[in-house]
S.K.: 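The following block contains the structure, expressed as structure tokens.
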Amino acid sequence: MARFPSEAWFGAVAGVFNGDDSYQGAGGGHCNCTAGLVIEGRNEGKDEDVVEEVFVLTFEGAECKGGVEADEAALDEVDFYMHMPRVDWREMLEDIRDHGHATENHTLNSLDLERDDGLSTSKHGDQYREDLFFRYNQTLQFYFDASARVKTAFS
Amino acid sequence: MTPVPNPKFEWMNQSRQWGVRVKPGKKGLTLGSLNVGIYGEVPTEWNDQTRNPRGAIARRGMPPVGYAIREKAGIWADCAADLYEEAIQRRWAPATDVPWDTIEPLPDDVERAVCQVCTELSQYANVDIETISSWQHQMAYGYHEVKQFLATATFDAGRHYEVFRKRALRNGGGLGLESPGEVNRMILESRGGWTEAVTYLFLLRGTYAMTMLRYLERFAHNDAERFIYGHVIQDRARHMAYALDHLKYSVAHVEDQTTVLATLLFIGDRLFARELRDPVLREALAIIFGGGVEGARTHGMATWEAMMREFMARYEGTCEWLRVRRAPDRIPEEMRRFLPEAD
């Protein structure tokens, strides 16, 4: 059992992802990017979300190197980062767990469209790097889909 | 008996740089990693009018082929070699990779809408193929990384044509109505240079197609459609990466290029806006987003409008990133009403 979010959880998912050859074919395959993952919490009394935890996921070639915990400044360096309140991350992962993969409005693309401020963005505003979210979208989706095979506890 | 000629092997010492030994890296022996020594010299102008590969010794007396695109600023993108490798590595096969068995019968109105959209997207793919290949033979060999990447983009487009046709013919429907084709013709007939073609094919049409595909993925009816739209998005994002990198390079190296791009878009937007008046694609998308004809009248159309707002936000965002300034009053009303400020 690994707790989401934690380095152990990202590592466990990377283990499943890296060990499944089916994720490398059919439009998956080599992926080179660093993606931030931001877990937001509610700022009581204000109508805004605040950054609670940050992780940086690294993909290199056919491998995901796992995720390391970082501070907010790390978001300046990543190619793009995905941000959602903790409860929405949980909902996405539970959908993946229940179906074996993300369905309908729980895919990364759908979440990016559905959410008022999107899912994926960047601090640097470099569109070329931001668009890696779309160029490697299936690999990113495969990574999160792999979490269906990791027993997850939520903090 | 004719005597066997004695070979002289004089060609064997003909090399501009010998002894090159490129080692494969973590990503293998990539195209980009071969750019060492003289083989990595990419000139700002390529005056050799033959098919001489970059770094080889030119043979005397070769008749010119007549390449029109011989300036780096008119074609180059630093990312081209990497994108070429990525396209090869991340390829997929519609015949066997798409989970076709997940498609189940849909209500007649929805199936007709899906087939109509697939008809339109097949045409987009055809335009990609014809446009890129109509420029490919005009590109000088000095910039082989781009030529090779664009060859993969043509192949990607062939795959897109195939997969949308297959979806249309898989579930009891068929192909629908041909699109008005005005934007298609504008892209195909742009003659001002490859950068102009990139502007229309990728920046304008490409951004629109990407946005539409993202919404289609969101409203996919089954895993097969989700796979198709998701994978075409990836391919198109790769094409867009080349386009953005090239346009950025072009803006940095060609005087007044941002103004030229603004003028091109001023012209292109008018044809694009005129085609938006045609109801066929809009109505088909609204049916898909609304789950049928009834839903199309309400939330289907509302979702189409949201899609258009997303398109305009990305389109204008890209122009801004390229520093192409566009006054809102020069954007046709059919598009301007979807600008973020117009909310």
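Reminder, nothing fancy here: chain letters follow the sequence lines and each chain counts from 1.
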S.K.: Between H30(A) and E85(B), is any pair of side-chain heavy atoms under 4.5 Å apart?
M.R.: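 A side-chain contact under 4.5 Å is absent here.
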S.K.: Working to the nearest 0.5 Å, report the span between CG of L213(B) and CZ of F134(A).
M.R.: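 So the CG of L213(B) and the CZ of F134(A) are separated by 11.5 Å.
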S.K.: Nearest 0.5 Å please: distance from the CG atom of D131(A) over to the CZ atom of R238(B).
M.R.: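 Going from the CG atom of D131(A) to the CZ atom of R238(B) covers 13.0 Å.
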S.K.: If you count heavy-atom pairs under 4.5 Å between each of D223(B), V98(B), D245(B) and chain A, which one has the most?
M.R.: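 The option with the most such pairs is D223(B).
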S.K.: Contact part of T318(B) toward chain A, heavy-atom cut-off under 4.5 Å: side chain, backbone, both or neither?
M.R.: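 The answer is both parts of T318(B).
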S.K.: Mind ranking R226(B), R314(B), K26(B), M210(B) by heavy-atom pairs under 4.5 Å with chain A and telling me who comes out on top?
M.R.: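 Heavy-atom pair counts peak at R314(B).
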S.K.: Heavy-atom distances under 4.5 Å only: say whether R91(B) touches chain A with side chain, backbone, both or neither.
M.R.: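 Backbone only.
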S.K.: Between Q141(A) and chain B, which part of the residue has a heavy atom less than 4.5 Å away: side chain, backbone, both or neither?
M.R.: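 The answer is neither part of Q141(A).
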S.K.: Taking CD in E7(A) as the centre, count heavy atoms belonging to other residues, nucleotides or ligands within less than 6.0 Å. Is the count above 12?
M.R.: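 More than 12 within 6.0 Å, yes.
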S.K.: In this structure, are over 12 heavy atoms from other groups packed under 6.0 Å from R115(A) atom CZ?
M.R.: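 Above 12, so yes.
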S.K.: When you look at R214(B) and S110(A), which way does the side-chain hydrogen bond (donor to acceptor under 3.5 Å, both in side chains) test go after all the steps?
M.R.: CA-CA 8 Å; R214(B) 293 190 61 210; S110(A) 296; over 6 Å; no
S.K.: What closest approach, in Å, do R90(B) and C31(A) show between heavy atoms, and which atom pair accounts for it?
M.R.: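 That would be NH1-CB, 4.0 Å.
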S.K.: Let me confirm one number: the CZ-CD distance from F227(B) to Q138(A), rounded to the nearest 0.5 Å.
M.R.: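 CD of Q138(A) is found 7.5 Å from CZ of F227(B).
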S.K.: Name the member of D126(A), N137(A), L132(A) that forms the most heavy-atom pairs with chain B at distances under 4.5 Å.
M.R.: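 Result: the option with the highest number of such pairs is D126(A).
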S.K.: Give, as side chain, backbone, both or neither, the part of A220(B) having an atom under 4.5 angstrom from any heavy atom of chain A.
M.R.: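 Neither; nothing under 4.5 Å.
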S.K.: So which residue, Q89(B), M240(B), R236(B), E310(B), ends up with the most heavy-atom pairs under 4.5 Å with chain A?
M.R.: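 Result: the option with the highest number of such pairs is Q89(B).
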S.K.: For atom CZ of R323(B), is the number of surrounding heavy atoms from other residues, nucleotides or ligands below 6.0 Å larger than 12?
M.R.: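 At most 12 heavy atoms, drawn from other residues, nucleotides or ligands, come within 6.0 Å of this atom.
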S.K.: Under a 4.5 Å cut-off applied to non-hydrogen side-chain atoms, are E104(A) and F219(B) in contact?
M.R.: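 E104(A) vs F219(B): side chains apart.
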S.K.: Nearest 0.5 Å, what's the CD-CZ distance between E114(A) and R218(B)?
M.R.: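 If we round to the nearest 0.5 Å, E114(A):CD and R218(B):CZ are 4.0 Å apart.
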S.K.: Side-chain contact, heavy-atom cut-off 4.5 Å: Y128(A) with C79(B)?
M.R.: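 In contact.
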S.K.: Could you give the distance from CD (E130(A)) to CG (L244(B)), rounded to the nearest 0.5 Å?
M.R.: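 Going from CD on E130(A) over to CG on L244(B), the span is 10.5 Å.
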S.K.: For M307(B), is it the side chain, the backbone, both, or neither that has a heavy atom closer than 4.5 Å to a heavy atom of chain A?
M.R.: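 Looking at M307(B), nothing touches chain A.
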S.K.: Tell me, side chain or backbone of D112(A) under 4.5 Å from chain B's heavy atoms, or both, or neither?
M.R.: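 Looking at D112(A), backbone and side chain both touch chain B.
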S.K.: Which region of L83(B), side chain (C-beta onward) or backbone (N, CA, C, O), has a non-hydrogen atom less than 4.5 Å from a non-hydrogen atom of chain A, or is it both or neither?
M.R.: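 Answer is side chain: those atoms of L83(B) sit under 4.5 Å from chain A.
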S.K.: Verify the neighbour count for atom CZ of R165(B): are there more than 12 heavy atoms of other residues, nucleotides or ligands below 6.0 Å?
M.R.: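 No, the 6.0 Å shell around CZ holds no more than 12 heavy atoms from other groups.
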S.K.: Test R135(A) against every option in H239(B), Q234(B), E86(B) by the side chain to side chain donor-acceptor pair (under 3.5 Å) rule and name the one that passes.
M.R.: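 Looking at H239(B), Q234(B), E86(B), the match for R135(A) under the side chain to side chain donor-acceptor pair (under 3.5 Å) is E86(B).
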S.K.: Does this structure show an ion pair linking E60(A) with K27(B), if we count only N-O contacts that are shorter than 4.0 Å?
M.R.: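 No salt bridge links E60(A) with K27(B).
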S.K.: Heavy-atom cut-off 4.5 Å, strictly under: side chain, backbone, both or neither for Y229(B) against chain A?
M.R.: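 Answer is neither: Y229(B) stays 4.5 Å or more from chain A.
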